[in-house]
2 protein chains.
Amino acid sequence: MNTTIYDVAREAGVSMATVSRVVNGNPNVKPATRKKVLDAIEGLGYRPNAVARGLASKKTTTVGVIIPDISSIFFAELARGIEDIATMYKYNIILCNSDQNKEKELHLINTMLEKQVDGILFMGGEITEDHAETFKRSSVPVVLAATLDENREMPSVNIDYHQAAFDAVAELIRSGSENVGMVSGPLEDPVNGFQKFSGYKKACEEIGNGFDENLVAVGDYSYDSGLEAAQQLMELDKAPSAIFAATDEVALGVIHGLQDKGWNVPEDVQVVGFDNTRLAQMVRPTLTTVVQPMYDIGAVSMRLLTKYMNKEDVEDEVVVLPHLLENRNSTSF
Amino acid sequence: MNTTIYDVAREAGVSMATVSRVVNGNPNVKPATRKKVLDAIEGLGYRPNAVARGLASKKTTTVGVIIPDISSIFFAELARGIEDIATMYKYNIILCNSDQNKEKELHLINTMLEKQVDGILFMGGEITEDHAETFKRSSVPVVLAATLDENREMPSVNIDYHQAAFDAVAELIRSGSENVGMVSGPLEDPVNGFQKFSGYKKACEEIGNGFDENLVAVGDYSYDSGLEAAQQLMELDKAPSAIFAATDEVALGVIHGLQDKGWNVPEDVQVVGFDNTRLAQMVRPTLTTVVQPMYDIGAVSMRLLTKYMNKEDVEDEVVVLPHLLENRNSTSF
DNA sequence: GTGAAAGCGCTAACAC
DNA sequence: GTGTTAGCGCTTTCAC
C-alpha cells in the first residue's frame with residue numbers, strides 16, 4: 001500500500017485538508033503546523049498521487065503532443081523545444097507518432113482527450129475538415145506547430161514557407177542560375193509540397209525565365225529521393241544549374257547524387273536546402289539553406305499553449321517566425 | 001460539463017456497472033443491452049475519463065520514458081522503437097529529456113512515479129547508487145535501454161559495446177592499418193566512453209602493436225569534436241592510418257576534418273563509426289560503421305517492460321542484441 | 001488557521 | 001446478466 005495524504009494527516013496529527021494545503025504551497029498554514037506536516041511527509045516517504053489530484057482538480061499538468069515522426073531530425077528538434085518549455089512550466093508531455101496518417105491522428109487526439117490532457121500540440125500535414133471538427137469539439141486548447149491551417153482559424157506557429165522558398169530561389173536566379181530545378185515533397189503536403197513549390201514557381205515566373213514543370217521532381221523527403229532526383233534532373237536537355245530542395249536531407253541527397261555523377265557543387269550546380277538542420281554543416285560543400293528555427297517553433301508553440309491553458313490573454317493567435325537564408329558553400333553567391 | 005458514465009447509464013436505462021462493462025468489452029452483457037448502451041454513448045458523445053479509470057483501477061496504461069536528448073539522432077531512433085511497441089500494447093508514453101544530468105534524472109523518476117506510470121524506460125549514462133536506490137524503491141518495473149548497469153541487476157537491453165569496438169578495431173588492424181587512432185566520448189560515460197575505449201585498447205594490445213594513449217582523442221560526441229580530433233591526430237609524428245570514432249556523427253566530423261586537410265579516405269586514413277545511424281549513408285565516402293540496432297533496442301526494451309507490467313514470466317532480464325560491422329567505403333577492407 | 005465532508009468519474013467486488 | 005455500493009486519493013467549499 002502506498003502512503004496517502006490520510007496517513008500523513010494522522011502521523012502529523014492534522015486533517016488531510018491541512019496536508020493538502022502544505023503540499024500545494026497554500027500560505028494559510030501556521031509555520032509550526034507546516035513543519036509537522038513536512039516532517040511526516042519526509043518520514044513516511046509520501047509522494048502525492050497525481051492521478052487522484054487530476055481527478056479532483058480537473059487538471060493533469062500534462063499536454064498531448066502529436067508528431068509525424070520523432071525519428072525525423074526535423075521533428076526531433078521541434079520536440080526538444082516543446083519539451084523544454086513544457087518542463088519550464090511544469091507540464092509533462094505525452095508524445096505520439098502519427099506518421100501523418102489521418103486516422104491515427106484523429107485516434108490520437110481522442111486518446112489524449114480521454115487522458116484528460118490540459119492541451120494539445122499538433123504537428124502534421126493537412127488539417128482536414130475532420131481535424132477541424134475534432135479540434136473544435138475539444139474541451140482543451142490546441143496549437144499547431146509547423147503545420148498550416150488554411151482557414152487560419154486555429155492558433156499556430158510557423159514561418160512563411162511560401163516566401164522563404166521564393167527568397168531562396170530568387171537568390172539563386174539573381175546569382176546567375178538561369179534554370180533552377182526543384183526537388184519538392186508531395187504536392188498534397190501543404191508545407192513541404194505546396195507552399196514551397198508555389199514559392200519556387202512564383203520566383204521562376206517573376207524573376208526567372210518562367211516556370212517549367214520538367215524542372216520539378218517530386219520526392220518523398222528522403223535522402224535517397226534527393227539522390228535520384230538530382231540524377232534525373234541532370235539528364236534533362238535543359239539541365240538545371242541550381243537545385244532547390246524542400247528539406248536538408250533531400251539536399252544532401254542531391255549534392256551526393258550530383259557528385260556521384262561527376263558534377264561539381266557549386267561550380268556546375270548550386271544547391272540550396274531547407275530547414276538548417278545539423279545536416280547542413282555535415283556535408284561537403286556545406287549546405288546553403290533556408291533557416292527554419294525548429295527549436296523556436298517548438299518552444300514558442302508550447303509557450304502559446306501554456307497561455308491558453310492558463311486562460312491568459314493572447315494577442316497573436318497565428319505567429320509567423322522570421323526565416324533567413326544561411327549562406328554556405330553549396331552556392332556561389 | 002462533460003458527460004459521464006452515469007449520464008450514459010440513465011440515457012440507456014441501465015446501471016453504470018453495465019455501461020462500464022460495455023466500455024471495457026466485458027462479455028457478460030446481453031447484446032440487446034450492449035446496443036442500447038452503445039447508442040447512448042454515441043448519442044451523448046461520451047468519452048471515458050482515463051484519469052478516473054486510473055484512480056479506480058490503479059493502472060494508467062502510461063509509461064515514463066527518460067531519455068538524454070530526443071534531438072539526438074541516436075535517441076530519436078530509439079524513441080521511435082519504444083513508442084511503436086508501446087502503441088502496439090496500448091500504452092502511451094510520457095517523454096522527458098534528462099541531458100544525462102543526475103539531478104534531473106532523479107527528479108524525473110519521481111515525477112513519473114507521482115503520475116502513476118505503470119513502468120519506466122530509462123536511458124542515460126551512469127547508473128549510480130542513488131539511481132539504483134530510487135529504482136529499487138519504485139513500485140513499478142524499470143527497464144534500461146542502451147544503458148549499462150554495472151552490477152547487472154536491472155533488466156536492460158544493449159549490445160556488447162566492448163566487443164563491438166574490439167571487432168571494429170581488430171578489422172582495421174587486420175586490414176593493414178598499423179596505428180589505429182580513436183576519438184572517444186568522455187571516459188566517464190560507461191557506453192560511449194569506457195566500453196568502446198576498452199574494446200579499442202584491447203584490440204590494440206592483442207592484435208596490434210600495443211596501446212598508445214597519444215592516439216586517443218577525447219571528444220564530446222559532436223560533429224565538431226570529430227573535426228578537430230582528426231586534425232589533431234594527424235599532426236602526430238606517428239599519425240594514424242585509421243581512426244575509430246565512438247559515434248557516427250563524430251565519424252563524419254573525422255572524415256571531413258581529414259578531407260579538409262587534404263587526406264583521402266580511405267586511401268590515406270580509414271574511418272569507422274559507430275551506431276549505423278542514417279548519417280552513415282549521407283557522407284562521401286559512405287561510412288563503415290558498427291551496427292547498433294537502435295530501433296530494435298527501443299522496441300525490445302519496451303516489449304520487455306510490457307512483460308514486467310503484465311507480470312509475465314521473463315526468461316532473459318539482461319538482453320544483449322547482436323552487433324555487426326557494416327562495410328562501406330570509408331575503409332578499404 | 002484548521003477541520004469535516006462532499007464529490008471528481010470510474011472499477012470491482014458482491015448480491016440478486 | 002445486471003444493479004448496488006464502496007472505495008481509489010485527492011481538492012475544495014464551507015464551517016468554525
Side-chain angles (χ1 to χ4, degrees), chain A residues 1-38 40-41 44-62 90 110-111 113-118 139-140, chain B residues 1-38 40-41 44-62 90 110-111 113-118 139-140:
Chain A
M1 207 60 210
N2 257 318
T3 84
T4 73
I5 201 171
Y6 183 73
D7 300 323
V8 176
R10 265 209 328 206
E11 179 78 10
V14 300
S15 76
M16 44 187 293
T18 299
V19 178
S20 176
R21 289 191 187 98
V22 171
V23 170
N24 293 293
N26 185 317
N28 291 343
V29 182
K30 226 197 308 184
T33 317
R34 178 183 309 276
K35 178 158 184 355
K36 274 195 301 186
V37 173
L38 254 16
I41 287 179
L44 267 44
Y46 167 72
R47 176 187 295 132
N49 180 323
V51 172
R53 177 181 291 178
L55 182 58
S57 70
K58 298 181 170 307
K59 284 196 177 328
T60 55
T61 59
T62 302
K90 313 267 188 228
N110 255 293
T111 304
L113 260 17
E114 285 188 6
K115 296 234 165 165
Q116 311 299 119
V117 295
D118 294 338
S139 39
V140 301
Chain B
M1 206 62 210
N2 256 317
T3 84
T4 75
I5 201 173
Y6 183 73
D7 300 324
V8 176
R10 264 209 329 205
E11 179 78 11
V14 300
S15 76
M16 45 187 292
T18 299
V19 178
S20 175
R21 290 191 185 96
V22 171
V23 170
N24 292 294
N26 184 317
N28 291 344
V29 182
K30 223 196 307 184
T33 317
R34 180 183 308 278
K35 178 156 183 354
K36 272 195 303 184
V37 172
L38 255 16
I41 287 178
L44 267 46
Y46 168 72
R47 173 189 295 134
N49 181 325
V51 171
R53 176 182 291 177
L55 183 59
S57 69
K58 297 179 171 306
K59 283 194 179 330
T60 54
T61 60
T62 302
K90 314 264 186 231
N110 255 294
T111 303
L113 259 18
E114 285 188 7
K115 295 233 165 165
Q116 311 300 117
V117 294
D118 294 339
S139 40
V140 301

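Basis for what follows: all heavy atoms, side chains included, without hydrogens, waters or symmetry-related copies. Labels below follow one simple rule: chain letters A, B, ... track the order of the sequence lines, proteins then strands, and each chain is numbered from 1.
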[X]: what forms a side chain to side chain donor-acceptor pair (under 3.5 Å) with it, not counting sequence neighbours?
{"X": "A:K36", "result": "none"}
{"X": "B:T111", "result": "none"}
{"X": "B:N26", "result": "none"}
{"X": "B:R34", "result": "none"}

Residue pairs meeting side-chain hydrogen bond (donor to acceptor under 3.5 Å, both in side chains), one or both in residues 5-14 of chain A, sequence neighbours left out, come to none
Those residues at least two apart in sequence (or on a different chain) that pass salt bridge (Lys or Arg N to Asp or Glu O under 4.0 Å) with B:K35 are B:D39
Could you tell me whether the phosphate oxygens of D:dC10, OP1 or OP2, come under 4.0 Å of any side-chain nitrogen or oxygen in A:K58?
no
Quick one: is A:T18 getting a side-chain N or O under 4.0 Å of the C:dG3 phosphate, OP1 or OP2?
yes
The contact string for nucleotides 10-16 of chain C, one letter per nucleotide 5' to 3', using protein heavy atoms under 4.0 Å with B, S and - for base, sugar-phosphate only and none, comes out as BBB----
Residues passing the side chain to side chain contact (heavy atoms under 4.5 Å, CB included) test with B:N24, sequence neighbours excluded, are B:S20, B:R53
query = Reckon B:V14 touches a base, only the sugar-phosphate, or nothing at all at heavy-atom distances under 4.0 Å?
reply = sugar-phosphate
Within this structure, what is the [atom1]-to-[atom2] distance between [X] and [N], rounded to whole angstrom?
{"X": "A:R34", "N": "C:dG1", "atom1": "CZ", "atom2": "P", "value": "10 Å"}
{"X": "A:L55", "N": "D:dT12", "atom1": "CG", "atom2": "P", "value": "12 Å"}
{"X": "A:N26", "N": "C:dG3", "atom1": "CG", "atom2": "P", "value": "13 Å"}
{"X": "A:N2", "N": "D:dG9", "atom1": "CG", "atom2": "P", "value": "8 Å"}

Test side-chain contact (heavy atoms from CB on, under 4.5 Å), reference B:V22, set B:T33, B:V37, B:V14, output is B:V37
In short, the helix from C:dG1-D:dC16 to C:dC16-D:dG1 is bent end to end, axes from five pairs each side, to 10°, by 30°
